Undergrad: 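First, the structure itself, so that you have it in front of you.
Predicted model only: the values in this text are computed from it and were never measured. Along the sequence shown, residues carry numbers from 1. Because only heavy atoms are used, hydrogens play no part in the values below, and waters and symmetry mates are left out as well, while side chains stay in.
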Amino acid sequence: MAIPASKTELANAIRVNYMKLRTDLDSVPEASWREPTLEGHARDTRMSVHDLVAYLTGWCELVLKWHAGRRAGRPVDFPEAGYKWNELGRLAQKFYADHAGLSRQALLDRLDIAKDRILAVVDETENDELYGKPWYESHTFGRMIQFNTSSPFDNARKRLRRWKKENGLR
């Protein structure tokens, strides 16, 4: 899928990539959900499917936090308070820990809600606000949303499909 360049393309990319990802997530057997057998987000680490979904949820919720902060006129810590862009592996570990106590369904529900809230933000935001000017450094708001939703959804799906194949899962 091409890089979204408009509000409509962004919303479509989020919906399509998420729907495909959810189909694959829903087919993961319960017994495999928390096994740390996927390559982790930090070098030389392993993660579970639960961790993968926690990671996606964490990033979606950060997008919403960034948006809320900007909208309220508050300064926003990018990527997150206490983390630098070169510490994303450590931030991934935080996301895993933050969501570790959630059941499979509760975590999937939380991701669904975050994705729906992001789509609502996209829907209520004018195209020029999404793509007409830099929002963070040289990146537009639409590009920052895409970096943290549709692209990671697609990446996660590819990871998951490779993992399922390697583990004889369909």
Undergrad: Look only at the side chain of Thr23 and the backbone of Met19, and say whether a donor-acceptor pair between them is shorter than 3.5 Å.
TA: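 Judged by distance alone, yes, a pair lies under 3.5 Å.
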Undergrad: Keeping the roles fixed (side chain from His50, backbone from His99), state whether a donor-acceptor pair exists under 3.5 Å.
TA: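 Between the backbone of His99 and the side chain of His50 there is a qualifying donor-acceptor contact (under 3.5 Å).
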Undergrad: Are the side chain of Arg46 and the backbone N or O of Thr37 linked by a donor-acceptor pair below 3.5 Å?
TA: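 A pair under 3.5 Å: yes.
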Undergrad: Indicate yes or no: does Asp112 engage Arg22 in a salt bridge with an N to O separation below 4.0 Å.
TA: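 A salt bridge links Asp112 with Arg22.
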Undergrad: Between CD of Gln146 and CD1 of Ile14, what distance do you get to the nearest 0.5 Å?
TA: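 Rounded to the nearest 0.5 Å, the CD-CD1 separation comes out at 9.0 Å.
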Undergrad: Just jot down the side chain to side chain donor-acceptor pair (under 3.5 Å) partners of Arg43, sequence neighbours excluded, or say none.
TA: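 With neighbours one apart ignored, the set is empty.
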Undergrad: Enter the distance from Leu25:CG to Lys20:NZ here, rounded to the nearest 0.5 Å.
TA: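 It comes to 14.5 Å.
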Undergrad: Sequence neighbours excluded, which residues qualify as side chain to side chain donor-acceptor pair (under 3.5 Å) partners of Tyr83?
TA: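 With neighbours one apart ignored, the set is empty.
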Undergrad: Can you find a heavy atom in the side chain of Thr140 that is under 4.5 Å from one in the side chain of Met144?
TA: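 Of all side-chain heavy-atom pairs linking Met144 with Thr140, none is under 4.5 Å.
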Undergrad: Please name all residues satisfying side chain to side chain contact (heavy atoms under 4.5 Å, CB included) with Pro29, sequence neighbours left out, ordered by chain then number.
TA: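 Listed in chain order: Ser32, Leu169.
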Undergrad: So, do Pro36 and Met47 sit near enough that their side-chain heavy atoms are less than 4.5 Å apart?
TA: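 No, side chains not in contact.
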Undergrad: May I ask whether Ile118 and Phe78 are part of the same hydrophobic cluster, defined by side-chain heavy atoms of I, L, V, M, F, W, Y residues being less than 4.5 angstrom apart, directly or through others?
TA: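 Looking at the clustering, Phe78 is in the same group as Ile118.
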Undergrad: So Asp51 and Leu38, do their side chains get closer than 4.5 Å, heavy atoms only?
TA: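 Leu38 vs Asp51: side chains apart.
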Undergrad: So Leu102 and Thr57, do their side chains get closer than 4.5 Å, heavy atoms only?
TA: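 The answer is no, as the side chains (C-beta and beyond) never meet within the 4.5 Å cut-off.
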Undergrad: Measure the shortest side-chain to side-chain distance between Gln93 and Arg90 over non-hydrogen atoms and say whether it is less than 4.5 angstrom.
TA: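 Sidechains of Arg90 and Gln93: no contact.
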Undergrad: Side-chain heavy atoms under 4.5 angstrom apart, residues restricted to Ile, Leu, Val, Met, Phe, Trp, Tyr: same cluster for Leu91 and Trp85?
TA: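 Yes; tracing contacts between hydrophobic side chains, which count when under 4.5 Å, links both residues.
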Undergrad: Would you mind writing out the side-chain donor-acceptor pairs for residues 60-68 within the sub-3.5 Å range, not counting sequence neighbours?
TA:
unit_1, atom_1, unit_2, atom_2, d
Glu61, OE1, Arg110, NH2, 3.1
Glu61, OE2, Arg110, NE, 2.6
Lys65, NZ, Glu80, OE1, 2.7
Lys65, NZ, Glu80, OE2, 3.2
Trp66, NE1, Pro79, O, 2.9

Undergrad: Rounded to the nearest 0.5 Å, how far apart are CG of Leu56 and OG1 of Thr149?
TA: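 Leu56 CG to Thr149 OG1: 10.0 Å, rounded to 0.5 Å.
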Undergrad: What distance separates Leu21 CG from Asn17 CG, expressed to the nearest 0.5 Å?
TA: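 Spacing of CG (Leu21) from CG (Asn17) equals 8.5 Å.
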Undergrad: Any Lys/Arg nitrogen of Glu9 or Arg15 sitting under 4.0 Å from an Asp/Glu carboxylate oxygen of the other?
TA: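 Between Arg15 and Glu9 there is no salt bridge, as every charged N stays at least 4.0 Å from the carboxylate O atoms.
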Undergrad: Among residues at least two apart in sequence or on other chains, which ones pass side chain to side chain donor-acceptor pair (under 3.5 Å) with Thr125?
TA: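 Partners of Thr125 under the side chain to side chain donor-acceptor pair (under 3.5 Å) test: none.
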Undergrad: Has Asn167 got a side-chain atom pairing as donor or acceptor with Trp163's backbone, closer than 3.5 angstrom?
TA: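 Yes, Asn167 side chain to Trp163 backbone: donor-acceptor pair under 3.5 Å.
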Undergrad: Which residue pairs pass the salt bridge (charged side-chain N to carboxylate O under 4.0 Å, His left out) test with at least one member in residues 139-155, sequence neighbours excluded?
TA: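 Matches after skipping sequence neighbours: Asp154-Lys158.
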Undergrad: What residues form a side chain to side chain donor-acceptor pair (under 3.5 Å) with Glu126, not counting sequence neighbours?
TA: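 For Glu126, no residue satisfies side chain to side chain donor-acceptor pair (under 3.5 Å) once neighbours in sequence are set aside.
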Undergrad: Quick one: which residue pairs count as a salt bridge (charged side-chain N to carboxylate O under 4.0 Å, His left out) with a foot in residues 31-42, not counting sequence neighbours?
TA: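 Sorted result for residues 31-42: empty, none.
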Undergrad: Are Leu52 and Arg159 close enough, and set up right, to give a side chain to side chain contact (heavy atoms under 4.5 Å, CB included), and what steps lead you there?
TA: CA-CA 9 Å; Leu52 178 63; Arg159 250 181 214 253; 4.2 Å; yes
Undergrad: My understanding is that only residues two or more places apart in sequence, or in another chain, count here; which of them pass side chain to side chain contact (heavy atoms under 4.5 Å, CB included) with Asp24?
TA: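 Partners of Asp24 by the side chain to side chain contact (heavy atoms under 4.5 Å, CB included) criterion, ordered by chain and then number, come out as Arg157, Leu160, Arg161, Lys164.
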Undergrad: Using the test side chain to side chain contact (heavy atoms under 4.5 Å, CB included), find all partners of Ser103 that sit at least two apart in sequence or belong to another chain.
TA: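 Ser103: side chain to side chain contact (heavy atoms under 4.5 Å, CB included) contacts with Gln105, Ala106.
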Undergrad: Sequence neighbours left out, what passes ring-ring contact (aromatic ring centres under 6.0 Å, His included) with Phe95? Give chain and number order.
TA: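 So Phe95 forms a ring-ring contact (aromatic ring centres under 6.0 Å, His included) with Trp59.
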Undergrad: What I'd like to find out is whether the side chain of Leu111 reaches to under 4.5 Å of the side chain of Tyr18, using heavy atoms alone.
TA: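 Contact flag for Leu111/Tyr18 side chains = yes.
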Undergrad: Partners of Arg104 by side chain to side chain contact (heavy atoms under 4.5 Å, CB included), sequence neighbours excluded?
TA: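 For Arg104 the side chain to side chain contact (heavy atoms under 4.5 Å, CB included) partners, ignoring immediate neighbours, are Val28, Glu30, Trp33, Leu108.
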Undergrad: With under 30° as parallel and over 60° as perpendicular, where do the rings of Tyr55 and Tyr96 fit, or are they tilted in between?
TA: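 If you compare the ring of Tyr55 with that of Tyr96, the planes turn out tilted.
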